[in-house]
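Written below as structure tokens is the structure these notes are about.
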Amino acid sequence: MRCGAALSSVFPALRAPHRASTHPFECIGSLHLFLVTDVRVRFAPSPTGELHIGSVRTTLYNFLFARQNKGTLILRIEDTDQERLVPGAIDSVYDGLHWLGIRWEEGPREGGPFAPYVQSERLPLYREHAEALVAMDAAYPCFCTKERLAQMREEQQARKEITRYDRVCRRIAPAEARQRVDDGEPHTIRLKVPETGTIAYHDLVHDDVKWELKDVEDSILLKSDGFPTYHLAVVVDDHVMRISHVFRGDDWLPSLPKHLLIYQAFKWQVPEHAHFPNVLGPDHKKLSKRHGATAVREFRDQGYIPEAIVNFLALIGWAPGTEEEVFTMEQLIQKWRLDQVQKAGGVWDKERLDWFNRVHIRMLDDDDMAERLAAFLPAGASRDVISSSVPLIKERSRPWPTRVRCSSSFSSTSSSTRRSCCWRSASPRRYASC
RNA sequence: GGGGCCGUCGCCUAGCGGUCUAGGGCGCCAGCCUUUCAAGCUGGAGGUCACGGGUUCGAAUCCCGUCGGCCCUACCA
């Protein structure tokens, strides 16, 4: 049931702490009405580098779900770690996703009723919620320094104990803590996890999952620099932005109990959650740079077409249950189903991607293909050469740049010669033999 | 170390108690087509369903245990 939310949370602008017009996320004057049944999903990259192909898969599933439910897709930038920011990362998200044909309705550049969509621009919101949690006794200020924490961890390790925050600040009397905070003593705010009990949840992919609260750490919610950690920021934003379904990688599953505790403390309706399996490298570890190309841009530069990447990616972690597997984006929107999503991680298989690339290139019409090919040719290359080579290249399509170099050497010799030019690799010697 | 999750051919997967002598695709192998070919077409090899116990007339499918892998265990997301 999603209708338990108080009016104030349906209209965030009406909530008391936000009534003052000093806050950038105010939306008074443009009240939007949201039905509790509206599907609102979001993808929330942190701008720490180039758009990763693995996070594209999660985003794709979000997109497909939004489209088939006539819902809204939201882009939110989670830049709460100031130290890991990489300039240009947001451009990479926009470029990569647009190239792949993924569109969204609300985001930093699109705007929307819950702007801003960049977490570093919503800091007062998180601070207020962290303080509210303290007031409710669901969180507490922690005055431990990073140094003490590091030392504590070291000692725990030496004693072969579980490395976990020892909760010393949890035992400080509230009045004293209040005083120290008021005196300006640097501090963080930690989640106050109940010492006993269990917490359970029904995940849309993993079904029932549960944890013993004694195993859950008092994680930091608000850092001493005033920025929230992921745990606080996701919950607050997902709630405030009226997110109906949280879809993310299943590496987040272990921290779900913390998020649940926050929802509980605020008495907020918990959105549906689905934790998707990760895309893995050949060694079955999470796909990363050491496995080779992972940035969308690299695939584009290598001559893969977006149709192929989308099709290939969709099929890691999902299968339609029939024997067909070549799909366009439109068909995926029709056929993809959340309840068919796999639990186990899937390995990135380049050979299979190459096959999908060939298949989708053959499906392109000639004009379209000539158009796309042009991007890979040196400036001033003859349009006629491109057009005449299209049918031949299509027949033997491999990722593009290699073949393009060959095709630019086309002469009007016999058709068999032209043919061989198409498939030969661009190594100088072979090339010369064309 | 602690917790969580996962486990069908090398890889992506179908399969939800009998129709499974486990199906499809990638890759691999062979034949065909081609002057040649990594393209195309046709065919083939490849899985005792992680392992061990149950439950059942019957289990890849349900239950328990074991093992293995991965993820989390940061004032990173």
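Proteins get letters first, then strands, A, B, ... in listed order; numbering begins at 1 in each. Just so it is clear, the structure is predicted and the values come from calculations on it, not from any experiment.
At the phosphate of C5(B), neither OP1 nor OP2 sits under 4.0 Å from any side-chain N or O atom of His275(A). Under 4.0 angstrom from either OP1 or OP2 of G2(B) there lies no side-chain N or O belonging to Gln156(A). Neither OP1 nor OP2 of C26(B) sits under 4.0 Å from any side-chain N or O of Arg358(A). Side-chain N/O atoms of His284(A) include one lying less than 4.0 angstrom from OP1 or OP2 on C11(B). For the OP1/OP2 pair of A77(B) and a distance below 4.0 Å, the side-chain nitrogens and oxygens of Lys223(A) include at least one atom meeting the criterion. Contact annotation: Lys285(A) reaches the phosphate of C70(B) (side-chain N/O to OP1 or OP2, under 4.0 Å). Residue Lys286(A) places at least one side-chain N or O under 4.0 Å from the OP1 or OP2 atom of C72(B). Regarding contacts with the backbone of A74(B), every side-chain N or O of Thr229(A) stays at 4.0 angstrom or more from both OP1 and OP2.
Within the 6.0 Å centre-distance limit, the rings of Trp268(A) and His129(A) are counted as a close aromatic pair. For His245(A) and Phe65(A), the gap between ring centers is short of 6.0 Å. You'll find the ring centres of Trp318(A) and Phe312(A) outside the 6.0 Å limit. Between His273(A) and Tyr201(A), the distance separating the two ring centers is shorter than 6.0 angstrom. A distance of 6.0 Å or more separates the ring centres of His360(A) and Trp355(A).
With RNA chain B read from its 5' end, the first of the two nearest nucleotides for Leu353(A) and Leu149(A) is the one closest to Leu353(A). Each of Pro45(A) and Leu315(A) was assigned the nucleotide of RNA chain B with the nearest heavy atom; the assignment lying further toward the 5' end belongs to Leu315(A).
Look at CG on Asp251(A): it is 15 Å from P on A74(B), rounded to the nearest Å. Counting to the nearest Å, the P atom of C75(B) and the CG atom of Leu123(A) are 18 Å from each other. Atoms CG (Asp218(A)) and P (C72(B)) sit 21 Å apart, rounded to a whole Å. Lys350(A) has its NZ atom 16 Å from the C1' atom of C12(B), to the nearest Å.
Of the nucleotides present, C67(B) is the one that pairs with G7(B) by Watson-Crick or G-U wobble criteria, both distances under 3.5 Å. Pair assignment for A39(B): none, as no Watson-Crick or G-U wobble contacts are both less than 3.5 Å. Partner assigned to U55(B) is none, using Watson-Crick or G-U wobble distances below 3.5 angstrom. Pairing of G44(B), defined by two Watson-Crick or G-U wobble distances under 3.5 Å, is identified with C28(B).
Using a 4.0 Å heavy-atom distance criterion, Ile162(A) is classed as a base contact. Among the protein residues, Thr80(A) comes within range of the sugar-phosphate backbone only, with heavy atoms under 4.0 Å from sugar or phosphate atoms but none that close to a base. Looking at heavy-atom distances under 4.0 Å, Gln342(A) makes contact with sugar-phosphate atoms alone, never a base. Here Glu78(A) lies in heavy-atom contact (under 4.0 Å) with sugar-phosphate atoms only. The residue Gly317(A) sits close only to the backbone: its heavy atoms come under 4.0 Å of sugar-phosphate atoms, none of a base. Backbone-only contact: Val209(A) has heavy atoms under 4.0 Å from sugar-phosphate atoms and none from a base. At a threshold of 4.0 angstrom between heavy atoms, the contacts of Cys144(A) include nucleobase atoms, whether or not backbone atoms are also involved. Note on Trp211(A): only backbone sugar-phosphate atoms sit closer than 4.0 angstrom, heavy atoms only; bases stay farther off.
Taking the ring axis of Phe143(A) as reference, the NZ or CZ atom of Arg180(A) stays within 45° of it and closer than 6.0 Å to the ring centre.
Taking atom C1' on both nucleotides, U56(B) is separated from C72(B) by 39 Å, rounded to a whole Å. Taking the C1' atom of each, C37(B) and G24(B) are spaced 28 Å apart, rounded to whole Å. Taking the C1' atoms as reference points, G27(B) lies 14 Å from G44(B), given to the whole Å. Rounded to whole Å, the separation between the C1' atoms of U8(B) and C16(B) comes to 14 Å. Spacing of C1' atoms, G43(B) relative to C33(B), comes out at 15 Å, to the nearest Å. Nucleotides U48(B) and G2(B), compared at atom P, are 33 Å apart to the nearest Å. Comparing G47(B) with C63(B), their C1' atoms are spaced 25 Å from each other, to the whole Å.
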Candidate pair Arg242(A) and Asp237(A), rule salt bridge (Lys or Arg N to Asp or Glu O under 4.0 Å), full reasoning = CA-CA 8 Å; Arg242(A) 307 299 305 155; Asp237(A) 280 342; over 6 Å; no
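Checked by distance alone, Ser255(A) brings no side-chain donor or acceptor within 3.5 Å of a matching partner on the base of C72(B).
Screening Lys192(A), Arg190(A), Arg171(A), Arg170(A) for a salt bridge (Lys or Arg N to Asp or Glu O under 4.0 Å) with Asp218(A), the sole residue that qualifies is Arg170(A).
Looking at the side chain of Glu323(A), the nearest of the listed nucleotides C6(B), G24(B), G27(B) is G24(B).
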